[in-house]
Structures are given as structure tokens and as C-alpha cells.
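To find a chain, count down the sequence lines: A is the first, B the second, and so on, and within it residues start at 1. Only this structure's heavy atoms are used, side chains among them; waters, hydrogens and symmetry mates stay out.
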There are 2 protein chains.
Amino acid sequence: MTLKELAAKLGVSTATVSNAFNRPDQLSPLLRERILNEAKQLGYRGPDAKARSLRTGRSRIIAVILAESLTYSLNDAVASELLSGIAEVLDAHGHTMLLLSGRKNASQVPGSSSIADGFIVYGLMPSLMLLDDLPLPNQRPLVAVDFSLEGYPAVHIDNEPAGYAIANHALKTSSRRPGIINLRLTKHPCNDRVAPDQELLPADRTITRSRLTGFHRALDEHGIDPASVPMWNIEENTHDVCAPVIASILDLPDDERPDLLLCMSDRIALTALTLAEQRGLRVPEDLRLTGFDGIAEGQYRSPRLTTMRQDSVEKGRVAARMILGLEPPRAQLLHTELVVGDSCP
Amino acid sequence: MTLKELAAKLGVSTATVSNAFNRPDQLSPLLRERILNEAKQLGYRGPDAKARSLRTGRSRIIAVILAESLTYSLNDAVASELLSGIAEVLDAHGHTMLLLSGRKNASQVPGSSSIADGFIVYGLMPSLMLLDDLPLPNQRPLVAVDFSLEGYPAVHIDNEPAGYAIANHALKTSSRRPGIINLRLTKHPCNDRVAPDQELLPADRTITRSRLTGFHRALDEHGIDPASVPMWNIEENTHDVCAPVIASILDLPDDERPDLLLCMSDRIALTALTLAEQRGLRVPEDLRLTGFDGIAEGQYRSPRLTTMRQDSVEKGRVAARMILGLEPPRAQLLHTELVVGDSCP
DNA sequence: CTGTTAGCGCGTTCAT
DNA sequence: ATGAACGCGCTAACAG
């Protein structure tokens with residue numbers, strides 16, 4: 001059943017039926033009523049989305065491009081919260097969300113995304129690969145989240161001050177052997193200890209670099225040479241990838257094992273917490289731990305995680321509002337908040 | 001830049017350009033090469049998705065309709081895993097995923113979903129409300145997940161045997177006061193103790209009803225009258241909604257407080273675990289707990305949760321394969337597995 | 001191998 | 001207030 005068929009059956013023109021659905025003021029209420037009723041009766045669900053989007057140029061679909069695989073992103077608390085925030089705003093304004101992965105995929109049909117009215121890009125890596133094939137990147141709105149893209153609005157959090165704040169808090173209690181567990185920080189993939197001469201990604205390639213800068217500033221202020229603090233790196237923010245690296249840290253001899261671990265994410269810190277408990281290490285007595293993100297899982301357990309809370313949901317809301325033109329497309333910086341839990345009082 | 005313009009600039013017909021992108025065997029490799037090169041040069045990204053989908057009738061987009069709000073679903077481990085599984089298969093076959101909420105929303109434009117090639121519907125409630133406005137429900141494939149829909153294929157888990165299995169395991173150690181915490185089981189919303197005469201939803205309206213039947217069968221076999229076992233109900237599977245109900249249970253006097261809680265989800269059990277720890281109740285010595293789902297959060301902590309693991313990711317994969325026609329659209333029953341953790345050895 | 005043509009279903013002028 | 005006609009950008013069928 002198409003609009004045209006419906007018009008024929010009703011003995012009116014297609015324009016009138018179209019107007020009945022889209023521009024109520026263009027026809028008599030009575031006729032409109034009759035058309036809508038008859039439409040429902042005959043099983044006509046309203047204008048076809050494909051034809052309408054071709055005609056109008058808009059689809060009411062916003063594409064969200066995620067750096068990591070969808071499989072990973074959907075199971076990551078921070079990414080999920082971001083998506084929640086985006087979904088909330090889109091939903092409230094009659095839009096829907098198309099999920100795309102930034103990973104290059106053999107069978108990927110990049111063109112298929114040209115259906116979207118706008119793009120929210122989350123996380124850096126894919127964007128560089130993708131922006132080239134992104135359909136009309138400069139004709140449709142695009143908002144970057146958690147990284148910067150020349151010429152486009154972006155939503156960020158205050159990574160350096162946040163890193164400083166939590167490290168500063170942790171160091172107020174003196175630590176004999178602090179350690180740092182990074183996330184996607186090294187130029188070359190590395191799930192291991194970071195060698196002193198290992199090349200790191202610049203701040204515009206990974207958010208954790210700025211956090212590390214903040215850590216280092218705090219260490220400096222507390223009279224600790226950052227270069228003397230051992231660092232590890234983890235490539236993926238999942239329990240299974242974190243566990244072996246953290247196990248290797250916790251299994252160091254007592255006089256080498258850090259007594260304070262500054263972690264770049266709550267997932268890392270939670271993994272450390274679990275493994276520490278399994279080894280009979282007491283947190284925070286034997287080992288103090290800090291995370292980053294403020295995910296629910298870290299707060300709904302004991303000991304509660306000490307962390308920097310970032311409002312990922314709000315980050316999503318802001319990005320969505322910008323895409324929909326509900327707020328001016330400018331660079332936005334969201335603030336984080338120190339949450340003092342039990343893992344590092 | 002459109003296909004037609006490109007064709008004009010190159011002095012070939014539109015059909016040839018179209019073939020260059022869609023049917024390489026329909027033109028000489030040399031010409032194809034020239035066309036693709038020139039296209040890239042001129043900034044033509046390939047056929048427009050909107051026009052193509054109008055023409056071909058297919059969009060390579062699959063809509064996933066979630067019972068709960070997107071905000072909730074994206075933060076629920078089970079729903080997220082389902083989405084992961086769906087995404088994995090869709091991605092591998094060049095499709096993308098459009099997320100829709102089943103909740104009626106004032107500003108919802110149901111027609112906008114007529115763009116999808118197929119629908120995966122997760123969870124019952126929305127479907128009844130939605131199927132009416134769903135565009136051409138009987139023309140496009142639809143797969144139901146975790147509930148049955150007359151005339152459509154569905155993916156299920158073996159709820160009754162699973163409920164029996166875990167209750168049976170728990171009851172092998174004798175319990176003086178078992179209790180059951182349900183999820184969305186009562187006909188009328190209820191976050192509280194369930195009165196004996198309270199009306200429950202039938203098995204085709206909530207998955208937990210079958211699990212409860214399994215629980216009851218096990219209780220029977222162990223000589224306990226199911227009617228004597230107190231039940232509570234929770235409306236939403238989140239910490240914040242669970243906490244007050246569970247607190248009220250744990251704060252019962254010692255001689256009324258259950259020593260075994262059979263929970264309908266891991267989220268419920270984890271909340272109980274946290275609150276028990278806060279109250280100094282030892283698990284499993286003072287209180288034994290079982291969950292359901294087998295989410296990661298329940299396993300990556302100590303004590304590990306005793307639970308029934310369901311493979312939600314696989315559930316998503318199966319549903320996606322059916323939608324794509326990669327496997328016959330029939331009723332599928334996935335099996336669950338007892339995971340004996342520390343919360344109920 | 002390449003070109004011509006006819007819509008896919010709809011929204012929007014411009015008439016009346 | 002209503003209708004006729006055009007074309008959004010593309011692909012399938014056919015003709016050459």
C-alpha cells in the first residue's frame with residue numbers, strides 16, 4: 001500500500017494525502033480525518049521512510065561511530081553510558097541511532113552510512129581511517145567525542161587536571177612504591193611493563209596521555225621523580241586483557257610490588273582489586289588503588305573504588321544536542337569529580 | 001556530486017557508473033578503474049544510500065527493538081551482550097544496526113523504522129504495543145528474542161529447567177528459610193514483598209515466570225511447600241531499584257531473615273551481596289545467594305556468584321543470523337549452564 | 001561491453 | 001482547499 005494507491009482509492013490526489021500526514025494546515029480537518037482513518041483501515045502506515053528521506057534529504061537517523069568494535073563498546077560501561085546519553089536526546093527528538101564500528105571491515109559498505117543526517121564519532125583511532133570515506137563529511141554535521149578533529153566541534157573532559165587531582169589525592173598519603181597502569185598509551189601495542197625509552201602516543205592520539213601528564217605533575221609536586229615510577233600499559237579495557245598484566249605486577253616480590261597503583265580506568269582498578277583479593281593482599285592496607293571514570297560497578301561494591309567520576313551520559317547528551325542543532329557546535333569541556341572511596345582513602 | 005553528474009563529466013552513461021560500483025563484471029576492468037579513480041578525484045563517495053535503498057528496497061539496516069528504554073538496555077549487561085552478538089553478525093555481513101526503543105514516545109515517529117530490512121524484537125512488553133504500527137510487520141522478517149510471537153521465529157533459553165537446576169543445586173544444602181526475589185513477575189508493578197494472593201504474569205508475558213516454576217518444582221522435590229516460601233518482586237533490574245527491596249529483606253530480624261535467596265538475575269544477587277557485606281552478613285555462611293544470567297561482573301569478584309549462565313551473545317548471533325536468512329527462521333532454544341561460585345557452593 | 005529508459009514512493013511547486 | 005506534474009538519485013531491464 002503506497003501513498004499513491006491510497007490516494008486513488010480515496011479519490012483524492014497524492015498531494016492531499018501527503019499533506020494529511022505532513023502539513024495538517026493545508027487541508028480541511030474533516031478531509032484529513034477521513035484520510036487518516038481510511039489509511040489506518042487499509043493498513044497504510046504513513047509515508048515510506050526510504051522515499052521520504054530521498055525526497056527530503058533527511059532521515060532522522062544519527063550515526064554513532066565507535067572507535068572500538070561494537071562488541072567491545074557495548075560491553076564497556078563508559079561507552080554504554082555515552083550511548084545512553086545520546087539515545088536519550090535523540091529519542092526525545094524523534095531521531096534514532098545507527099551504530100557503526102570504526103574498525104575497517106572487509107565487508108564494510110561505508111556508503112551505507114550516507115543515510116545518516118549527522119555523525120557522532122567517539123574515540124580517536126577510527127576517525128583518521130574513516131573520515132576519508134565518510135560520506136560528505138563537510139556537508140553533514142559531525143561531533144567528535146573524547147578527541148579533537150580539526151574544524152569540528154568536540155566534547156572533552158578535563159583529562160590533565162583530572163589526572164592531577166586524583167594522583168594528588170593519592171599521594172597525600174605517602175607511598176614508597178607508586179606505580180601507574182596506563183591504557184593504550186604506547187605507540188606500539190604493548191600489554192606489559194613500559195620500558196623507559198618506549199615511545200608514547202601524543203596527547204592528540206590518546207586521552208590517557210593528558211591524564212599521565214597530570215599524574216606526573218602531582219608526582220613532581222610531591223617530590224617524586226616521575227621517571228622513577230614504573231609504568232605498565234594495557235591495550236584493551238577488559239578484564240581478560242588486564243588480568244595477566246596486573247597479575248604480573250601483584251606477583252612481584254614484596255619489596256618490588258607497588259603499594260599504590262594509579263590506574264587509567266575503573267576497569268583496570270577493579271581487575272586489580274579482584275586479583276589482589278585473590279592473593280590475600282588487603283586493599284587499601286597493603287595496596288592502594290585509584291581508578292578513573294566512576295562507573296557504577298566500582299561504587300556498588302566494597303571496598304568502593306577511589307576514582308575520578310566523569311559524566312559520560314552527559315557527554316552523550318551534549319554531543320547529541322550539538323548534532324541536532326539544539327546547541328551551538330563548539331568545543332565543550334566537561335568537568336570531572338574526585339570520588340574518594342575505600343580503595344584509596 | 002551525484003552519479004549522474006559524474007557520468008556526464010566522464011562522458012559515460014549513468015548505468016555504467018552504477019555498474020562500476022555494483023557489478024564489476026558488467027564493464028571492462030579498465031573503464032571501471034578509470035571511473036573509480038575519477039570518482040575519488042572528484043569527491044564522489046559512491047551511490048547515495050537513500051536513493052539506493054529506495055530503488056532496491058533494501059537498506060542493509062536491521063532494527064533492534066528493545067523492550068526497555070535504550071538508556072536502561074544499554075547499561076544492562078544481558079541486553080548489551082545480546083546487542084554484541086547481533087552486532088558481530090550484522091557487521092560481518094555488511095549490515096548495520098538501528099536501535100529503537102519499544103516505549104511509546106510522544107515524539108516517536110514509528111514510520112522512521114520502515115527503513116529497516118528486518119526487525120529483532122527483544123523482550124515482550126513493547127511488542128504488543130508496537131506490532132501494530134510496525135511497518136509491514138508481515139512483509140519484513142522479524143525475530144523475537146526471549147518471548148514468543150505467534151507466527152514468528154523466536155530465540156529462547158530453557159527457563160524452567162534452568163530455574164529447576166539452580167534451585168535444586170541450592171537446596172542440596174538444607175535451608176531453613178529460603179526466599180525468592182523475582183523480577184517483573186507481578187501483574188501490577190510491585191517493588192516489595194509479594195502477597196500470597198497477588199496476581200502473577202503468565203509465562204508468556206514474562207520469562208521469570210517459567211524460572212519460578214522451575215524453582216517451585218525443586219522446592220517440591222526437596223519437601224518444601226512453595227507456598228510457604230516468601231517472595232519479593234522487583235520491577236527493574238538495576239542496583240538502585242533493587243537496593244531498597246533487598247535492604248528490607250536483610251534488615252528483617254534474625255529469625256525471619258532468609259538464609260538462602262534465589263534471585264532471578266545476577267544484578268539482584270550482586271546487589272544483595274553488596275548490601276549483605278555492608279551489614280556484616282557473611283556469604284555464604286550467613287546467607288547463601290544464587291543469581292541468574294552469568295554476567296561477567298558476578299564472576300570477576302569474590303565471592304563469585306553461583307548462577308545459571310546463559311549465552312546472551314550467542315542469542316544475539318542466532319537472532320541476527322535468522323534475520324539475515326543465514327539460518328532457517330525457526331524456534332530456537334538455547335541451553336543454560338549451572339555455574340557454582342562461592343555465593344552458594 | 002555499453003547506453004537508454006522507466007520507475008522506486010514521495011514532497012513540492014504552481015496552477016486552479 | 002485541492003490536483004497535476006516534476007524530479008530527488010539510483011538500479012534493473014532491455015536494446016544495441
Side-chain angles (χ1 to χ4, degrees), chain A residues 1-36 38-39 42-60 109-117 135-136 139-140, chain B residues 1-36 38-39 42-61 109 111-117 135-136 139-140:
Chain A
M1 170 68 62
T2 73
L3 186 148
K4 195 200 272 181
E5 289 169 20
L6 177 61
K9 274 207 168 66
L10 287 175
V12 299
S13 82
T14 60
T16 303
V17 177
S18 174
N19 283 332
F21 281 96
N22 300 318
R23 318 170 90 189
D25 55 315
Q26 295 295 302
L27 74 173
S28 70
L30 203 73
L31 178 55
R32 180 172 133 90
E33 188 75 4
R34 186 164 77 90
I35 292 177
L36 294 184
E38 203 68 17
L42 294 171
Y44 177 71
R45 309 290 186 190
D48 175 82
K50 293 193 274 282
R52 163 187 275 187
S53 73
L54 172 59
R55 181 60 228 208
T56 64
R58 288 188 298 97
S59 60
R60 305 186 78 82
V109 190
S112 90
S113 60
S114 67
I115 206 160
D117 292 345
L136 322 175
Q139 314 242 357
R140 293 179 157 8
Chain B
M1 170 68 61
T2 72
L3 187 148
K4 194 201 270 181
E5 288 170 21
L6 178 61
K9 274 208 168 64
L10 287 174
V12 298
S13 84
T14 60
T16 302
V17 176
S18 174
N19 284 333
F21 281 96
N22 301 317
R23 317 171 79 182
D25 54 315
Q26 294 296 300
L27 73 173
S28 71
L30 203 72
L31 178 55
R32 180 172 134 90
E33 187 76 6
R34 188 164 77 89
I35 293 177
L36 294 184
E38 203 67 16
L42 295 171
Y44 178 72
R45 308 291 186 189
D48 176 81
K50 292 192 274 284
R52 164 187 278 187
S53 72
L54 173 59
R55 180 61 234 218
T56 62
R58 288 187 299 98
S59 59
R60 304 187 78 81
I61 291 176
V109 190
S112 92
S113 60
S114 68
I115 207 161
D117 292 345
L136 322 174
Q139 315 242 357
R140 295 177 156 7

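Residue B/L54 is in base contact, counting any heavy-atom pair closer than 4.0 Å across all strands shown. Using a 4.0 Å heavy-atom cutoff across all strands shown, B/N19 reaches no nucleic acid atom at all. Note on A/L3: only backbone sugar-phosphate atoms sit closer than 4.0 angstrom, heavy atoms only; bases stay farther off. Looking at heavy-atom distances under 4.0 Å, A/F21 makes no contact with the nucleic acid at all.
With values rounded to the nearest 0.5 angstrom, A/N19 atom CG is found 8.0 Å from A/S13 atom OG. Of the inter-residue distances, the one linking A/I35 atom CD1 with A/S18 atom OG reads 10.0 Å to the nearest 0.5 angstrom. Between the NZ atom of B/K50 and the OG atom of A/S114 there is a distance of 6.0 Å, given to the nearest 0.5 Å.
Side chain of A/R140 to main chain of A/D117: no donor-acceptor pair is present (N/O by atom type, distance under 3.5 Å, no hydrogens or angles). With B/T16 contributing its side chain and B/V12 its backbone, the two residues share no donor-acceptor pair below 3.5 Å.
The separation between A/R45 atom CZ and C/dG9 atom P is 17 Å, rounded to whole Å. Computed from coordinates, the A/D25 CG to D/dT2 P distance equals 12 Å when rounded to whole Å. Residue A/N22 contributes atom CG, which lies 9 Å from atom C1' of C/dC10 at whole-angstrom precision. With rounding to whole Å, A/K50 atom NZ is found 15 Å from D/dT11 atom P. The distance from atom CD1 of B/I35 to atom P of D/dC10 is 13 Å, rounded to the nearest whole Å. We find that CE of A/M1 is positioned 15 Å from P of C/dC8, with the value rounded to whole Å. Rounded to an integer number of Å, the gap from A/L27 CG to D/dG3 P is 10 Å. For A/I115 and D/dC8, the CD1 to P distance is 18 Å, given to the nearest whole Å.
Among C/dT12, D/dT2, D/dC10, the nucleotide with an atom closest to any side-chain atom of A/T16 is D/dT2. The A/S13 side chain lies nearest to D/dA4 when the options are D/dC10, D/dA4, C/dG3. When distances run from any side-chain atom of B/T2 to the nucleotides C/dT12, D/dG9, C/dG9, the shortest one goes to D/dG9.
Taking 4.0 angstrom as the limit, B/R52 places a side-chain polar atom (N or O) nearer than this to OP1 or OP2 of D/dT11. B/Y44 has no side-chain polar atom (N or O) that falls below the 4.0 Å cut-off from OP1 or OP2 of D/dG9. When the side-chain nitrogen and oxygen atoms of B/S18 are compared with OP1 and OP2 of D/dC10, none of them lie within a distance under 4.0 Å.
Side-chain atoms of A/N22 and A/R52 include a donor-acceptor pair closer than 3.5 Å.
Checking A/K4 against B/G11, the closest nucleotide of DNA chain C that is more toward the 5' end is the one next to B/G11. Summary of the strand contacts: B/T56 and A/Q26 both lie near DNA chain D, and taking for each the nucleotide with the nearest heavy atom, the more 5' one is attributed to A/Q26.
Between the side chain of A/R55 and the base of C/dG9 there is no donor-acceptor pair of N/O atoms closer than 3.5 Å.
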